[in-house]
Structures are given as structure tokens and as C-alpha cells.
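Because only heavy atoms are used, hydrogens play no part in the values below, and waters and symmetry mates are left out as well, while side chains stay in. Each chain gets a letter, A, B and so on, in the order the sequences are listed, and its residues count up from 1.
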Amino acid sequence: MAKVHQFDVIVVGAGGAGLMAGLYASRGAKTAVISKLYPTRSHTGAAQGGISAALGNYEEDKPEWHTYDTVKGSDYLGDQDAIEFMCNEAIEAVLELEHMGLPFDRTPQGKISQRPFGGHTNNETGKPVRRAAHAADRTGHMILQTLYQQCLKNKVNFFDEYQVLDFLIVNGRAAGVVAIELATGELHTFHAKAVIFATGGHGRIFEVTSNAYVYTGDGAAILLRHGLPLEDMEFFQFHPTGIYKLGILITEGVRGEGGVLINGKGERFMPKYAPTVKDLASRDVVSRAIYTEIRAGNGVDGKNYVWLDARPETINKFAALDGRLNPDGTPYTITGEQVLQKLPDIIDFCRVYLGVDPITQMMPIQPTAHYTMGGIPTNKFGEVVIDDRNTVFPGLYAAGECACVSVHGANRLGTNSLLDLVVFGKHAGLKAAEYAKNADWQNLPGDADAGARSALDALRNGSGKENAFDITVEMKKVMFEDVGIYRNEKGMRAAIEKVRELKERFKHVRVADTGRIFNTELLNAWELGNMLEIAEVVAECALNRQESRGGHSREDFPERDDENWLKHTLAWHTGGKTRVEYKPVTITKYQPKKRVY
Amino acid sequence: MKVTIKIFRYNPEQDKKFHYETYVVENAHETDRVLDLLEHVKGYNDGTLSFRRSCAHGVCGSDAMRINGHNMLACKTLVRDIGDQITVEPIMGLKVVKDLIVDMEPFFDNYKKVLPWFISDAPTPADGRERLQSPEQRARFDESTKCILCAACTTSCPSFWASDDYLGPAAFVAAHRFVFDSRDQAASERLEIVAETNGLARCHTAFNCTMACPREIQITQAIGELKMATVTGRVE
Ligand SMILES: Cc1cc2nc3c(=O)[nH]c(=O)nc-3n(C[C@H](O)[C@H](O)[C@H](O)COP(=O)(O)OP(=O)(O)OC[C@H]3O[C@@H](n4cnc5c(N)ncnc54)[C@H](O)[C@@H]3O)c2cc1C
Ligand code: SF4
Ligand code: FES
């Protein structure tokens, strides 16, 4: 019999979203945060560039501009009420982080410093605006540290290195979760009135990715298995500049400082695709341009990568050609020393992983799977909704990258994710605590952990004919190639077939490790099961959507089609079959128009 | 290329004592991370091999281990840097739980002892805006904000091997982060904590920590600044 714990609110995940939720929920209810990693290992710590808010610390800025930019960036698939809500809350959210002690960089006047980022503009001039509040190129790290420290200060309960395997539903309400304690292999049942999922994304279904090993879509997969839908799963962001083969992210900031993309023939190619903003077009546009070059045989040495050139002489040459100026009207130039100063971690990554010094050499890059736009459908209070009428599932909440509010729609703007975590993490925490105050306890059945137990048993009892590692490699490859940046019907059908075959083969996996203590093989296999389910749903939703929008680019349907496709996808996956329905997009102020950069 | 990797193995449910196991990875590349090799061995040679990892690019602090005798992150150490004969062992001074996984609790307990959270009773500005801090004040503690709590420093320190109630360099770095933040008001409390018997006095400036830090934090210098502050009571 599993150990049983009782908390009003359980938060699953201790990244930015989970910690914020935990902090706020614990003020009004008995709360615990469960995480498969030590909280400070969460992927929020990898975020580099910044968190957006119209603070206007250098120049005029307004939440309305931030709202419009986000709507446009989303290719009009984001829900405008939620976007407006987030952008209005942004200022207070970032100031709250500062009040918690977050060491933001400072302006000469001592205010929070801000930098420009792709897609964030002054709506009157169309020029980039400095909206991203930053702490060097490790803003996410500072957010994660600060929130964890605040949780320690406020004595939030943590269950570190406990992996949640199942969600408990009693009488149609949330009733808790089941988790395995990694250090002992013991199952624990967490009886709760409210459960908040904040488990992050699923970028690990793709071969080349900036995402951590643990990004296996656990929360989304668990809910899918319980018959709940996922929203907009076809939308995944491919960031243009990942380190070749490794996928490690090179921030947009490099191009912000003047870096340019160069193909195998030595040509700067972005002006062909985005004549006005060139290398600083939005992420989906740049990633497609790189792939188009590669397909035309213009990759370096015929391979699938191009160069990112941030050598000062290159930056200065193109800045002069483009007529780029400093704020005071003088021509824009940069020195090697300044590049080093502005992008210390990036330079370090290149030196360590490529043996390349970006000051004197070009960086080999290719697009990398980066951000999960789709996920667990919620409203703007973090409440999980389960149909096209936005019916709330009592006691269940989600926030952060695993959730789909939807504020990012078909394409997320850089720096809007960290904002999303803080704003919706907070509201999910508040709502959950409020709900728990009034809700009754649901009685748990005696065998609450039966589902988790049988899932693990299945992995121990396969025939052993198949190797989990092989299945992982094959899944990632087919998803990256056929459900990646460019998609077409033939490729996606083949990918769906392949993933189904892999799911069959997965049944024959047998975990060799029979131990209890840190059985990482068992848990990795369980995660692979999640990824296979998610991969299938992603591919099926993508095949269904017969248009191109934001991160979803169909070669056979190259245009956006608002008449038929201005709607969210909802996908259920039960009994091995995916069912797809749609729900309307909330449009308040901004009617869709053509998106040009 | 062919790489030989010798790995410390210990399964508490089966073994009385640790041993080493040697594996050959045939199609390794110069640019492979030690972490890639470990994943390969786990995937194809022995699924029971256990280690922690997450980000795979040196920013989450999960996979500090002893690689050819030095504390490093497996994901930030390439075959190119260390050659084709590799030995991997757990970091020292913390109890081995299984293979390369150690019990991190004493490490985090030490971290928590220095009150690693922002403390200030001063009211936030009346207009609701940020507290002001000059770029120079901010730069004062920049180094120590980089810490990812990987434990490479603390577990390279002879004083910590001698006893794990020694606060250790990572906890000092955390203290430094707040003591020298112009907005924080609990410097004296923290300085008192790091000046206790299990604190700064047991640092013999061995420099191991600074050598081990994958974030290249100047730890010895930070410790020196703390020592100075405990003496002078000043934290400029
Ligand atoms: C390299 C990189 C750079 C980025 N830069 C930026 C940027 O500059 N600005 C920006 O806005 N966004 C950026 N992003 C995106 C942003 O960082 C992420 O979207 C965000 O941090 C996700 O936060 P989260 O709280 O949802 O999840 P995470 O921080 O990943 O946390 C997930 C948590 O869930 C836990 N968990 C998962 N599964 C389970 C389970 N089964 N049981 C128990 N616990 C579980 C994990 O342990 C972890 O604690 C970047 C992303 C990457 C990869
Ligand atoms: S100071 Fe450096 S070595 Fe020590 S825990 Fe922090 S990052 Fe790791
Ligand atoms: S896996 Fe994150 S630091 Fe190595």
C-alpha cells in the first residue's frame, strides 16, 4: 500500500510556473510542490534573453502595443482576451520579481534594464522597442533561483525527485496524484482537493532540440490518458538558430546585435525572405528561410546547416550596408570585446561545444525544436477547460509551457513565455487555493495507485524484443523530418504510421533494471511512452490542419486560411484513436490581417 | 573513433562494495559530451547505469561528476578535451546512492543555512515601481548570481570531505550573492552564520573550488570578500 499524503493543493512541477503557483497557493491553502527534478534543475533556468513587460524604462511603451504585437506574432490564433490580460499584468509581474530580489540588469538611472527582441515594436513607428527585462543572458536562471528562494523563505512544502505518474479523478473532480519517490522506488498517493500541472513542454519528441532531457510531456500525456483533450498540438516553435546537430540555443540576441545568416555559397540570404527586417524577422519566418536554402542545395557543403556570422567585421559591414544607426544618429559599429560582453554564455557554449570562437569564426547553425505552443487547455485563470464551450474541470489547473491559454497561438514571441509562467502560475495558484477552501474532500478508492502500478509493471514485463533507445531515436528522427518545420500530407501520413509502429514495438520493451532505488531506466521508459502518445497526437493534429499558420507550415497548403481555419484544435486520444474537434478563437480588438515583417 | 570509458558502479540493492565497469564506445566523436557516452552505455550496454541529467548544456547543475579525477559537468566535457580513455566516478564527500548518483541533501541543507533568499523590511517604492540599484551596485555581486548549485566546488574541497557539516564554497557563494546586494538588509545575520565554527574558518584556500566551478565563478575571491566583511563588518 502506497504512502498517503494530504494537501489542499498539489502543484506538479517546480519550474517558473510551478513555483509561482506554489508560492501563491500556499498563502491560502496547505500546499505541496512535487518535482521530478530538484527545483533549481528545471528548464526555466535555461532561458536566456528576457521577460517582456511594457515598463518603458528606456523609451515609450504601452501594454496595448505589447498586446497587439503578441496577437500578430500568434498569427491571430491567440485568444485576445487572455493576451490583453497577460500584457496588462506584465508590468506588475516583473516589478514583483524585482521586489522579491531578482537581480535584473540596471539602466544608468538604476531602473530595470530592457533590450529589444523579435516582434516587439513601437506600434506607431513599427521600430523595435526595448521591452525584454533581462539579467545578462541568464534571465530564466535568475527567475528560477529567485522564486525557489522565495518558496524556501515562505516554507512551501517540497517533494523533490518525486515523479508524478498518474492523476486521480473522483466524482468528476480532481482528487490528487500518484508519484514515485526516485530514491526509494516507493509509490506515494497525494490526496488533494486541487491539482495544478506545471510540467513544461515536450520538445524531446524531436531529434534536434534546445529542450532538456526531461521535456517529455508528462503532464499532458497523463491527462490525455484520462480522456481530457489537448489544444493546438500541431503548433510547435522551431527556433532558427540552434547549434548544428546539438540543438543548443543561440539566442535571437546575436542577430539583435547585428549577426547575420550566411548560406553555403557565402551569401546573406534573409533579405530575400524578409526585405524590411531581414535577419530579425519572426522565428517561424527565419526557420523556414533556412530550410528553403538547405533544400535548394545552399547548405554548407551540401549539409543541413548554414552559418550564423557574428564576427565584428561582418556585423559592421552589413550594418553599414543596411544604414543601421545608433540612437544618437552615428553609424552602428561593434567591437569583438563588446560582443563578448553582451553574450558571455553564448560565446562560452560555442567555445565548449563547437571549439569555435564566434569573434573570429562563423557558427554552424540549424533550426532547433524549441517551444510547445499547444498543451492542456485553460482559461486565463489557469482553470483547465475540457470542451469547445470552455467547461471547467473542477479542481484541475495548468500553467506554463504545458498549458495552452492560448496566449501564444501559432507562434510565440520571444520573452513571452517567462511572462506567461509568472502571470498564469500566480493566477492558477490563487484560483486553486480559493477552490480548495470551498470544495469537499473526495474519498479516494483503496487502490488509488493501481493505475501507476500497472503502467510500471507493463514496462517490466515486456518480451524484451525491443530496445527503448532505438525507439526513441527513430521517433525523434521521423518527427523532426516529417512533422518539423515543413510539413506535407504524404510525410505526415508516413510519420503517423511510423509512430504507431513504434508504439507497437514499445509494448515489447522490457526494463532490465529490476531495482527500486533510482530506477532511471524504468522512468525513462515511462517517459518514452508519454512522448509516443504526444508525438502521435501532434502529427494527427498537424495533418488535419489544412493551412499554414505561424509555426505550422504546410507545403501543400502554403497560405493562411482564416475562413476555414481560424479556430483552435482540441484533440482527444482514447483507445489508441485520436478525435479532433475545434473551438473558436476569441477576437476582441484586432481583426486578422496579413502578417508582414 | 573508439573511446574507452571506465565507470564507477554501485547498486545498493545487490552490491556490498562498489566496482568499476569498462565499456567501449565504437562510434564516438571528438565532439561527444561525456553525457552522450553515458547515455549510449545506458541505452545499449547496461540500462541499469544511473546518473542525473537534464539540460545537457551546462546550465541546470544536474550532472557534476569526477571525470578523470576532476569535478566537471558531464554535459560540458567533450571527448576532444579529455581524450579517449575516460574514467567517471561520483563526486566525493556525499553518500553514493547508486552508481553516479549521490545524496544531495547535505549539500542543499548547507545552502539553506545561509538564508539564501532576499530579505528587506524596507517598504517598496510608493509608486509600486522597482527598487533602484546602480549598475555598479548590481555588478558588485554579479559573479555569485551565476551559481547553478551543481556542487562541483563543495565536493572538491578537503574540508568538506572531512565533514559534511562544513558549509562549503557553494553556500558561501549564496551568502555572497545577498550580502553584497545593496537592496538586501540581512548582511549581518548572514555574516554571523558564515563566521560560525563550520564556516569560513575552515576554508584553507585550497583553490580546488575555483578550479572546479563550471560557471567559472571566482569562488576563492568571493570567500575572501566574505572573510573581510566578517572582520570589518563592512559590505561595500
Ligand atoms: C534554451 C531556452 C531559452 C529560452 N529563453 C527564453 C527567454 O529568453 N524568454 C522566454 O520568455 N522564454 C524562453 N524560453 C522558454 C521558457 O524558458 C520555457 O517555456 C519555460 O521556462 C517553461 O517553464 P515551466 O515552468 O512551464 O516549465 P519548467 O521550468 O521546465 O519546469 C517543469 C517542471 O516540471 C517538473 N516535472 C515534469 N514532469 C514531471 C513529472 N512527471 N512529475 C513531477 N514533476 C515533473 C520538472 O521537474 C520541472 O520542475 C527558453 C527556453 C529554452 C529551452
Ligand atoms: S559555485 Fe560553481 S561549482 Fe559551486 S555549486 Fe555554484 S556553479 Fe557549481
Ligand atoms: S545536464 Fe544540466 S548541467 Fe549538465
Side-chain angles (χ1 to χ4, degrees), chain A residues 37-38 40-43 45-46 55 92 94-95 98-113 135-136 138 141-142 145-146 149-150 152-153 183 212-214 245-246 248-249 345 348-349 352-355 467-470 472 511-513 515-521 524, chain B residues 11-14 31 33 39-40 42-44 46-62 76 78 80-81 97-99 101 103-104 108 112 115-120 124 128-135 137-138 141-142 145-149 177-178 181 183-184 216:
Chain A
L37 301 173
Y38 274 107
T40 56
R41 316 282 187 235
S42 302
H43 210 39
L55 297 170
E92 201 185 308
V94 169
L95 292 173
E98 197 283 330
H99 295 162
M100 290 176 179
L102 196 141
F104 284 110
D105 290 342
R106 298 289 168 157
T107 70
Q109 294 77 35
K111 295 193 271 189
I112 295 170
S113 180
R138 52 174 189 283
H141 166 76
M142 292 322 328
Q145 297 279 329
T146 302
Q149 292 160 350
Q150 287 298 307
L152 291 179
K153 184 178 180 184
Y213 271 105
V214 295
K245 283 189 180 159
L246 292 172
I248 296 169
L249 193 77
D345 277 3
D348 184 46
F349 294 153
V352 170
Y353 296 107
L354 292 166
N467 176 306
F469 208 72
D470 284 333
T472 311
V511 171
D513 194 338
R516 290 171 293 117
I517 297 175
F518 272 101
N519 192 334
T520 52
E521 186 187 14
N524 292 355
Chain B
N11 179 347
E13 293 170 80
Q14 285 170 10
T31 52
R33 297 163 271 206
E39 285 286 331
H40 184 93
K42 186 176 177 64
Y44 293 114
D46 185 354
T48 69
L49 175 65
S50 297
F51 48 90
R52 293 189 177 98
R53 88 283 190 258
S54 183
C55 73
H57 67 286
V59 296
C60 78
S62 294
K76 220 182 163 181
L78 272 53
R80 180 172 62 212
D81 308 327
V97 179
K98 181 183 182 186
D99 295 338
I101 297 178
D103 177 10
M104 295 291 291
F108 282 109
K112 290 170 196 166
L115 316 177
W117 45 76
F118 183 70
I119 299 174
S120 169
T124 52
R129 299 293 296 198
E130 61 266 54
R131 294 185 173 87
L132 299 181
Q133 179 170 56
S134 73
Q137 289 172 322
R138 168 64 179 78
F141 63 102
D142 188 60
T145 66
K146 292 184 191 163
C147 174
I148 54 175
L149 296 171
R177 143 78 188 87
F178 291 101
D181 183 338
R183 303 167 298 169
D184 187 89
E216 295 175 18

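- Contacts of Leu152(A) with chain B are made by both backbone and side-chain atoms, with heavy-atom separations under 4.5 Å.
- Both the backbone and the side chain of Ala46(A) come within less than 4.5 Å of a heavy atom of chain B.
- For Ile101(B), the part lying under 4.5 angstrom from a heavy atom of chain A is the side chain only.
- Looking at His141(A), only its side chain comes within 4.5 Å of chain B, counting heavy atoms on both sides.
- Between chain A and the options Cys55(B), Ser50(B), Ser120(B), the largest number of non-hydrogen pairs under 4.5 Å is found for Ser50(B).
- Proximity to chain B (any heavy atom under 4.5 Å) is restricted, for Thr107(A), to the backbone atoms N, CA, C and O.
- Summarising the geometry of Ile517(A) relative to Val97(B), their closest heavy-atom pair is CG2-CG1, 3.7 Å, with the distance given to 0.1 Å.
- Taking both residues in full, the closest heavy atoms of Met104(B) and Tyr38(A) are given as CB-OH, 3.7 Å, listed atom of the first, atom of the second, then distance.
- Ranked by heavy-atom pairs under 4.5 Å with chain B, the first of Gly110(A), Ala136(A), Ala212(A) is Gly110(A).
- Contacts with chain A were tallied for Gln137(B), Gln14(B), Lys146(B); Lys146(B) has the most, counting heavy-atom pairs under 4.5 Å.
- Proximity to chain B is limited to the side chain of Leu37(A), based on heavy atoms less than 4.5 angstrom apart.
- In this structure, the portion of Asp345(A) lying under 4.5 Å from any heavy atom of chain B is its side chain and not its backbone.
- Rounding to the nearest 0.5 Å gives a distance of 12.5 Å between CD of Gln150(A) and CD of Gln145(A).
- Among the candidates Pro103(A), Ala468(A), Ala512(A), the residue making the largest number of heavy-atom pairs closer than 4.5 Å to chain B is Pro103(A).
- With chain B as partner, the option from Gly355(A), Ser42(A), Ser113(A) having the largest number of non-hydrogen pairs under 4.5 angstrom is Gly355(A).
- Considering every non-hydrogen atom in both Ala135(A) and Arg138(B), the closest pair reads CB-NH2, 4.4 Å.
- Looking at Glu92(A), there are no atoms closer than 4.5 Å to chain B (heavy atoms on both sides), in backbone or side chain.
- Counting heavy-atom pairs closer than 4.5 Å to chain A, the top-ranked of the candidates Arg33(B), Arg131(B), Lys98(B) is Arg131(B).
- Looking only at heavy-atom pairs under 4.5 Å with chain A, the residue among Pro12(B), Pro116(B), Ala56(B) that has the most is Pro116(B).
- Looking at Arg41(A), the atoms closer than 4.5 Å to chain B (heavy atoms on both sides) sit in the backbone and in the side chain alike.
- Listed options His43(A), Lys245(A), Met100(A) were ranked by heavy-atom pairs under 4.5 angstrom with chain B; first place goes to Met100(A).
- Pairing each heavy atom of Ser54(B) with each of Val214(A), the nearest pair is OG-CG2, 3.3 Å.
- Heavy atoms only, all atoms of each residue included: Ile248(A) and His57(B) are closest at CD1-CB, 3.6 Å.
- Between Val94(A) and Ile112(A) there is a side-chain heavy-atom pair separated by less than 4.5 Å.
- At least one side-chain heavy atom of Phe51(B) sits under 4.5 Å from a side-chain heavy atom of Glu39(B).
- Remark: Gln149(A) CD to Thr40(A) OG1 distance equals 10.0 Å, nearest 0.5 Å.
- Using a 4.5 Å cut-off between heavy atoms, Phe108(B) touches chain A through its side chain atoms alone.
- Rounding to the nearest 0.5 Å gives a distance of 10.0 Å between CG of Asp513(A) and CG of Leu49(B).
- Interface remark: Leu55(A) contributes backbone and side-chain atoms alike to the contact with chain B (heavy atom separation under 4.5 Å).
- The contact between Leu95(A) and chain B is made entirely by side chain atoms (from C-beta outward), counting heavy-atom distances below 4.5 Å.
- Heavy-atom distances place the side chain of Met142(A), and not its backbone, under 4.5 Å from chain B.
- Of the two parts of Glu13(B), only the side chain, counted from C-beta on, holds a non-hydrogen atom closer than 4.5 Å to a non-hydrogen atom of chain A.
- Note: Val352(A) leads Val511(A), Asn519(A), Val352(A) in heavy-atom pairs under 4.5 Å with chain B.
- Of the atoms belonging to Asn524(A), it is side-chain heavy atoms, and not backbone ones, that fall under 4.5 Å from chain B.
- Legend: residues meeting ring-ring contact (aromatic ring centres under 6.0 Å, His included) with Phe518(A), ordered by chain and number and at least two apart, are absent.
- Taking 4.0 Å as the cut-off between side-chain N and carboxylate O, Lys42(B) and Asp99(B) do not count as a salt-bridged pair.
- The most heavy-atom pairs under 4.5 Å with chain A, out of Asp46(B), Val59(B), Thr145(B), come from Thr145(B).
- For the set Asp142(B), Thr31(B), Leu115(B), Asp181(B), the entry with the most heavy-atom pairs within less than 4.5 Å of chain A is Asp142(B).
- Atom CZ of Arg80(B) sits about 11.0 Å away from atom OH of Tyr353(A), to the nearest 0.5 Å.
- For Arg106(A), the salt bridge (Lys or Arg N to Asp or Glu O under 4.0 Å) partners at least two apart in sequence or on another chain are Glu98(A).
- Here the shortest heavy-atom pairing between Phe178(B) and Phe118(B) reads CE2-N, 3.4 Å.
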